[in-house]
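Okay, so here's the structure we're looking at.
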Amino acid sequence: MAGGTVHIVGAGLAGLSAAVGLVGTGREIVLHELARHAGGRCRSYFEPALGLTIDNGNHLLLSANRAALAFLKAVGSEGKLVGPDHAEFAFADLASGERWSLRPNDGPVPWWIFFKSRRVPGTRAANYLSLAKLLRANDDRPIGDIINCAGALYDRLARPVLLAALNTDPPKASSRLAGAVLRETLLKGGLATRPLVAEEGLGPVFIDPALAFLDRNGVQLGFRHQLRRLEFLDDRVHALDFGEDVIKLGPADTAILALPASVVSLLAPNLPTPTKFRAIVNAHFKVDPPKSQPKIMGVITGTVEWLFAFPGRLSPTIIAADRWIEAPREELATKIWDDIAAITGARRELPPWIIIKERRATFAALPDENAKRPPAETAWRNLLLAGDWTATGLPATIEGAIRSGNRAAHLARVNGDARG
Ligand SMILES: Cc1cc2nc3c(=O)[nH]c(=O)nc-3n(C[C@H](O)[C@H](O)[C@H](O)COP(=O)(O)OP(=O)(O)OC[C@H]3O[C@@H](n4cnc5c(N)ncnc54)[C@H](O)[C@@H]3O)c2cc1C
């Protein structure tokens with residue numbers, strides 16, 4: 001086939017978006033995935049303990065996530081993310097009992113900070129200007145070196161937002177990544193900051209439509225197909241070794257590794273990759289949320305950071321949750337439910353629950369780790385990388401993963417044309 005074959009290894013969002021980006025370019029496309037299913041860290045599954053299909057973790061997107069929205073459009077899933085028409089984030093502070101809504105105005109001039117009813121209680125408009133320092137940081141220093149990580153604005157806005165974006169304790173986290181997030185979202189105004197959720201589930205919204213699109217377009221999908229070794233010859237990858245079969249790469253063929261950083265570091269030992277990771281813990285409680293419960297709520301001074309309300313289920317998230325990874329599940333469920341009972345007024349007895357601990361949810365967004373992220377191109381001219389941990393300029397997010405796949409697809413096209 002003109003343009004050769006592109007072998008994409010890993011069917012998380014990075015691999016899926018690379019495949020979607022290559023459809024229609026005249027290449028043969030083959031997607032290889034270790035698991036029985038696609039989606040990687042962004043997936044839905046049937047949980048027998050609850051009798052419900054749930055996601056491995058709550059995923060929040062923002063309306064500024066243009067690559068994610070374009071991906072959904074390309075695979076025929078446009079409009080399936082749900083959220084309010086205007087940015088609005090409900091918060092509850094468990095220690096003080098206060099409740100408020102943060103309501104940035106639509107446009108880029110942030111007049112909302114001058115209105116007490118729209119900003120965080122206990123803050124003044126001038127406080128918000130201090131966050132602008134993150135936009136100006138040239139070198140990548142810890143956030144705590146640049147802004148004051150204390151006080152009402154930090155505790156009630158900067159901390160929850162940065163923690164959600166970076167999955168890393170903000171004072172130590174990368175100011176460059178924080179600046180990139182703020183530049184693409186809050187700085188553009190409320191219309192770029194509308195929260196969006198896959199209410200039907202990550203599988204039905206992202207993964208299943210992408211697989212159906214790829215299948216319709218002749219992409220070969222191979223599950224339970226684990227890449228075990230790369231064979232290198234001079235400046236090329238000569239073969240992909242899957243154990244039971246070895247695929248030789250022709251002169252016009254390309255391989256895209258859309259794999260976790262830890263796997264790439266084993267397959268290509270000389271490639272730099274992030275080596276530190278952070279956990280996320282999600283709980284799912286089978287209970288009807290009160291009608292007044294917002295779809296997403298930020299929780300201050302609780303065990304949980306965010307509480308998502310789905311039909312028939314309340315799902316809290318603990319971010320940068322490494323301290324809870326070894327905790328007994330029963331103890332953790334009780335502790336988390338105490339937060340929910342305080343927020344919703346629910347009875348203290350636990351409803352049916354499940355806790356999902358994702359030990360390596362994302363790379364740690366520390367300046368040193370950010371510096372280790374490699375670009376899509378490698379020293380081997382037919383080997384490309386994709387994944388949320390590659391040098392996307394963004395933290396490990398759906399948006400970053402999809403952009404990395406788009407970039408790898410673009411390079412596969414351009415480089416393949418040059419070689420073919
Ligand atoms: C609990 C949780 C909550 C999150 N919350 C958010 C959020 O709110 N907002 C947001 O934007 N992002 C969030 N993220 C991050 C987001 O899920 C990831 O950034 C994104 O899914 C990463 O996609 P990826 O394709 O880069 O990697 P992965 O999803 O890790 O995909 C890699 C794929 O490679 C496969 N694989 C591994 N080894 C091999 C092998 N040897 N051969 C073949 N295949 C192999 C894996 O099975 C997997 O399918 C969250 C992540 C987690 C875990």
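The first residue of the sequence shown is numbered 1, and numbering continues consecutively from there. Ligands are counted one by one from 1 in listed order, and the atoms in each one are counted from 1 as well.
Annotation: Leu259 places no N or O atom under 3.5 Å from an N or O atom of ligand 1; distance criterion only. Annotation: Asn56 places no N or O atom under 3.5 Å from an N or O atom of ligand 1; distance criterion only. At least one N or O atom of Ala14, backbone or side chain, sits closer than 3.5 Å to an N or O atom of ligand 1. Backbone and side-chain nitrogen or oxygen atoms of Leu34 are examined, and one is located within less than 3.5 angstrom of a nitrogen or oxygen of ligand 1. Every N/O-N/O distance between Thr362 and ligand 1 stays at or above 3.5 Å. Checking only distances, Gly15 never comes within under 3.5 Å of ligand 1, N or O to N or O. Considering backbone and side-chain N/O of Glu33, one or more are found under 3.5 Å from N/O of ligand 1.
Distance alone, capped at 3.5 Å, is enough to place a donor-acceptor pair between the Arg236 side chain and the Gly250 backbone. Under a 3.5 Å cut-off, the side chain of Ser175 and the backbone N or O of Arg141 do form a donor-acceptor pair.
Note that the CG atom of Leu230 and the CG atom of Leu267 stand 5.0 Å from one another [nearest 0.5 Å]. Between the CZ atom of Phe71 and the CG atom of Asn65 there is a distance of 13.5 Å, given to the nearest 0.5 Å. Put simply, CD1 on Ile8 and OG1 on Thr254 are 10.0 Å apart, with the number rounded to the nearest 0.5 Å. Taken from CD in Glu33 to CG in Leu221, the straight-line distance is 10.5 Å, to the nearest 0.5 Å. Going from atom CG of Leu383 over to atom CD of Glu377 covers 11.0 Å, rounded to the nearest 0.5 Å. The CG atom of Leu81 sits 9.0 Å away from atom CG of Leu202, with the distance rounded to the nearest 0.5 Å.
Interface atoms of ligand 1 facing His225, defined by a heavy-atom separation under 4.0 Å, are 42 (N), 43 (C). Residue-ligand proximity, Ala396 to ligand 1, at heavy-atom distances under 4.0 Å covers atoms 15 (C), 19 (O). When each atom of ligand 1 is checked for a heavy atom of Gly39 under 4.0 Å away, the hits are 29 (O). Listed by number with element, the atoms of ligand 1 under 4.0 Å from a non-hydrogen atom of Gly12 are 25 (O), 29 (O), 31 (O), 33 (C), 49 (O). Close contacts of ligand 1 with Ala401, meaning ligand atoms under 4.0 Å from a residue heavy atom, involve 22 (C), 23 (O), 26 (O). Every atom of ligand 1 is numbered from 1 in the order shown, and the set under 4.0 Å from a heavy atom of Gly387 is 26 (O). Listed by number with element, the atoms of ligand 1 under 4.0 Å from a non-hydrogen atom of Ile398 are 10 (C), 11 (O), 12 (N), 19 (O). Interface of Gln226 with ligand 1, defined as ligand atoms under 4.0 Å from a residue heavy atom, comprises 40 (C), 41 (N), 42 (N).
Looking only at protein heavy atoms, the nearest one to atom 42 (N) of ligand 1 is Leu227 N, 3.0 Å. Of all protein heavy atoms, the one lying nearest to atom 9 (N) of ligand 1 is Leu60 O, 3.0 Å. The nearest protein atom to atom 34 (O) of ligand 1, hydrogens excluded, is given as Gly10 CA, 3.5 Å; this is a heavy-atom distance. Here the heavy atom of the protein found nearest to atom 37 (C) of ligand 1 is Pro260 CD, 3.5 Å. Protein heavy atom at the shortest distance from atom 21 (O) of ligand 1 is Cys42 CB, 3.5 Å.
Ring geometry for Tyr128 versus Trp112: interplanar angle over 60°, hence perpendicular rather than tilted (30 to 60°). Using bins of under 30°, 30° to 60° and over 60° for the plane-to-plane angle, the ring pair Phe285/Trp337 lands in the tilted bin.
Using a 4.0 Å cut-off between a side-chain N of Lys or Arg and a carboxylate O of Asp or Glu, Arg41 and Asp388 qualify as a salt bridge. The pair Glu88-Arg118 does not meet the salt-bridge criterion, since no charged nitrogen lies less than 4.0 angstrom from a carboxylate oxygen. A salt bridge is defined here as a Lys NZ or Arg NE, NH1 or NH2 lying under 4.0 Å from an Asp or Glu carboxylate O, and Arg403 with Glu399 meets this definition.
When the heavy atoms of His37, Arg41, His32, His59 are ranked by distance to atom 16 (C) of ligand 1, first place goes to His59. Distances from atom 1 (C) of ligand 1 to the heavy atoms of Ile319, Thr392, Ile280 show the closest one on Ile280.
With a heavy-atom cut-off of 4.0 Å, Val263 touches ligand 1 through its side chain alone. Proximity of Ala258 to ligand 1, defined as any heavy-atom pair under 4.0 Å, is confined to the backbone N, CA, C and O atoms. Both the backbone and the side chain of Asp388 come within contact range of ligand 1, each with a heavy atom under 4.0 Å.
Residue-ligand proximity: Asn58 is placed with a non-hydrogen atom under 4.0 Å from ligand 1. Using a non-hydrogen distance threshold of 4.0 Å, Ala38 does not register as a contact of ligand 1.
Test Asp234, Asp235, Asp253 against Arg381 for salt bridge (charged side-chain N to carboxylate O under 4.0 Å, His left out) and you get one pass: Asp235.
Contact check for Ile336 versus Ile355: side-chain heavy atoms found under the 4.5 Å cut-off.
No more than 12 heavy atoms of other residues, nucleotides or ligands sit less than 6.0 Å from atom CZ of Arg224.
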